[in-house]
Protein chains: 2
Amino acid sequence: MPTIKEVAERAGVSVGTVSHVITGSVPVSDDLRVKVQTAIRDLDYHPNHVARSLKTSRTRTLGIIVPDMTISFFPQIIRGAETAARQKGYALIAVNSTESGERQTEVLSLLRSQQVEGILLVIAAGSAPTNQMARLIEAGIPVVCLDRVPDRIPVDSVSVEDVTAAEMGTEHLLQMGYRRIAIITGPLALKNERRRLQGYEQSLERAGIAPDDDLVWQGNLRTEDLEAMCRERLSNPARRPDAIFCTNGPTALAALRAMRSCRMTTPDDLGFVTFDELTVDDLFRPAITTILQPAYDIGYKASEILLERIETGKDRTDVRTVRLPATLKVRDSSRRVSIVKLSETY
Amino acid sequence: MPTIKEVAERAGVSVGTVSHVITGSVPVSDDLRVKVQTAIRDLDYHPNHVARSLKTSRTRTLGIIVPDMTISFFPQIIRGAETAARQKGYALIAVNSTESGERQTEVLSLLRSQQVEGILLVIAAGSAPTNQMARLIEAGIPVVCLDRVPDRIPVDSVSVEDVTAAEMGTEHLLQMGYRRIAIITGPLALKNERRRLQGYEQSLERAGIAPDDDLVWQGNLRTEDLEAMCRERLSNPARRPDAIFCTNGPTALAALRAMRSCRMTTPDDLGFVTFDELTVDDLFRPAITTILQPAYDIGYKASEILLERIETGKDRTDVRTVRLPATLKVRDSSRRVSIVKLSETY
DNA sequence: CTGTTAGCGCCTTCAA
DNA sequence: TTGAAGGCGCTAACAG
């Protein structure tokens, strides 16, 4: 790898001049500039970003930590964040925490060592991130939380309007005539899961339906556990709900698998609404009624806020909390099937 | 951010000693080591990776460039690559080329500037990467190509057994009784697309079916274009195929959309087989018969090869070409429907 | 406008 | 076993 010195030699100028050409910070005569540019091309010179960063203590790099890139919600966020970062000349490093608190600590440390100038964080479900985040912020590294917002820690965050979104889904099911609506949540340690539960409860209350603990199914994020829980809950016909509302994608997939093994289908046996797209638009059946989160926009917006923090070094005290609206995409799974139609299928 | 110097001061030792403790390269007495470790914790010190890299010219960082992380095939590759890298103590930076040659050049340059020690590359469809890659390799930066393998350039690569996989899909359709099998490919500038086409042709030939140019539908990777092409091809009943074989996921989605707008379904009107999973296992209908690529393994293996190159600085001349086997997952879309059954549906 | 030079934070001889 | 010092490649004064 050629260095700035070699470029200078080849162009017959000093390293200072080469640096001036590269950064554009100081005017250089046309003559020399051309010579330098030629040398750069001839040598296939790429400025050593590492050395530059050491000198300027600016890496122009952001980091983003997501639980698992193979869940389609997250790559969309990353793409949005990447686009916003690139527009400001920043690069984005994406890493997975594999939903593990321990691993999250590792990658956080990795990103710090890499001297990223700011971090976008989707908190791992299995983490108690309080200290970590506090230390980061104390160290002057801005953090913006996405999707999952921690309790009690004053930190910038971008997520969906959880309560409203959950109300939207629940009210839609109510309108379609469902009355015994079960909600399947992820870990209630996550604030956004609690908020979605809250939206559900508010809608029921408003509709004059008494809360029923039997219909609140709290799960973790492990597919097998979730599926087993759903199977068990569905196996008792007496207590069975007439509709299911899932607060996230993995939960919904587990619920659908459980329904299949119980030989139940939607909407024939159960109405069904979930957060997050499970498959590719509505090419496939059953077409699931879905609360769509603007994942790309969440990433984009979070990146913008982070960059603003970085570039203005703004006051830590005014925490920004952005909530973007979700949209309800009504499909087949929430269409109420009449009793007549139901009996016909037998 | 505290520096090694501050740690040294607080521990009452020299920076050299602190460095020795951190790297473990030189023995340090228990007494001083404990003091140093305490100071590190107290100060929440994280070694500056940038400075270390400058000194050692080792970043222990790999880069991976994919066309688009929101296509589910690629995150799986990334996860595999990340896991292999982590096991060797390397970090992985993932970036998107947005399927653009220009952007690919940019991110390649970015990764070089970031001093990554090796690059995993899924070539963007719109790129003529010959020079780029040659220069990288010349500069001593190892590259391993994944999935899409360039022509003519001797470079390590890991991909699926394209020919065999395509034969597998085609033969399955033949066995199910289909005879007019159309193939929809991506850009044939991509070698793996050509190889898949080749597998298809070989299978037809072996079955004594004459090649029919009318049944080879070459597309690009833009959804709208692909869909329009499929719609047009399907609109002429006389020349219509009885089955469709798609060489990649985006193509398959476009084909299915086109079929829907032509009011055709699979398997009723057309048999259907594609490379790559389109939706979540077989929860949804139509359940598409799929050639599954071991995406995670491809990423993992590529990472291993790259790391081997880096750590052994092995001879460039012995190019490694790894082909992993695909598997055929038979589902509904390739089940031949009898004429009787077909007429029943009307 | 151009050249010279002092570090950025760290690791690694080398000497003690 | 410890400490002192040079230098990785670059930028940003500063001097010319």
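Lettering of chains follows the sequences in order, A, B, ..., and the numbering in each one begins at 1.
- Side chain of His20(A), nearest nucleotide from dA12(D), dG9(C), dC10(D): dA12(D).
- Leu32(A) comes within 4.0 angstrom of sugar-phosphate atoms only, judged by non-hydrogen atoms across all strands, and of no base.
- Listed nucleotides: dC1(C), dC10(C), dG9(D). Nearest to the side chain of Asn48(B): dC10(C).
- Atom P of nucleotide dC8(C) and atom CZ of Arg52(B) are separated by 19 Å, given to the nearest angstrom.
- Looking at heavy-atom distances under 4.0 Å, Thr56(B) makes contact with sugar-phosphate atoms alone, never a base.
- Comparing Val28(B) and Leu54(B) against DNA chain D, the residue whose closest nucleotide sits nearer the 5' end is Val28(B).
- Summarising the geometry, the separation between NZ on Lys35(B) and C1' on dT2(D) is reported as 13 Å, rounded to the nearest angstrom.
- The CZ atom of Arg58(A) sits 15 Å away from the P atom of dG9(C) (whole-angstrom rounding).
- Relative to the side chain of Ile4(B), the nucleotides dA12(D), dT2(D), dC10(C) differ in distance, and dC10(C) lies closest.
- OP1 or OP2 of dG3(D) has at least one side-chain nitrogen or oxygen of Thr17(B) nearer than 4.0 Å.
- Among the nucleotides dC1(C), dG9(C), dC10(D), the one closest to any side-chain atom of Pro27(A) is dC1(C).
- Both Ile22(B) and Asp30(A) lie near DNA chain C, and the one whose nearest nucleotide falls closer to the 5' end is Asp30(A).
- The shortest side-chain heavy-atom distance between Phe73(A) and Val66(A) does not fall under the 4.5 Å cut-off.
- Under the side chain to side chain donor-acceptor pair (under 3.5 Å) rule, Glu117(B) has a single partner from Arg309(B), Arg58(B), Arg60(B), which is Arg58(B).
- Residue Asp31(A) contributes atom CG, which lies 11 Å from atom P of dG3(C) at whole-angstrom precision.
- Judged by distance alone, the side chains of Arg323(B) and Ser159(B) do bring a donor and an acceptor atom under 3.5 Å apart.
- Remark: the Asp68(B) side chain and the Thr70(B) side chain contain an N/O donor-acceptor pair separated by less than 3.5 Å.
- Using a 4.0 Å heavy-atom distance criterion, Val26(B) is classed as a base contact.
- Summarising the geometry, the separation between CE on Met1(B) and C1' on dG9(C) is reported as 11 Å, rounded to the nearest angstrom.
- Between Ile298(A) and Gln76(A), every side-chain heavy-atom pair lies at or beyond the 4.5 Å cut-off.
- Comparing dT12(C), dT1(D), dC10(D) against the side chain of Ser25(B) picks out dT12(C) as the nearest.
- The phosphate of dC10(C) has OP1 or OP2 within less than 4.0 Å of a side-chain N or O from Tyr45(B).
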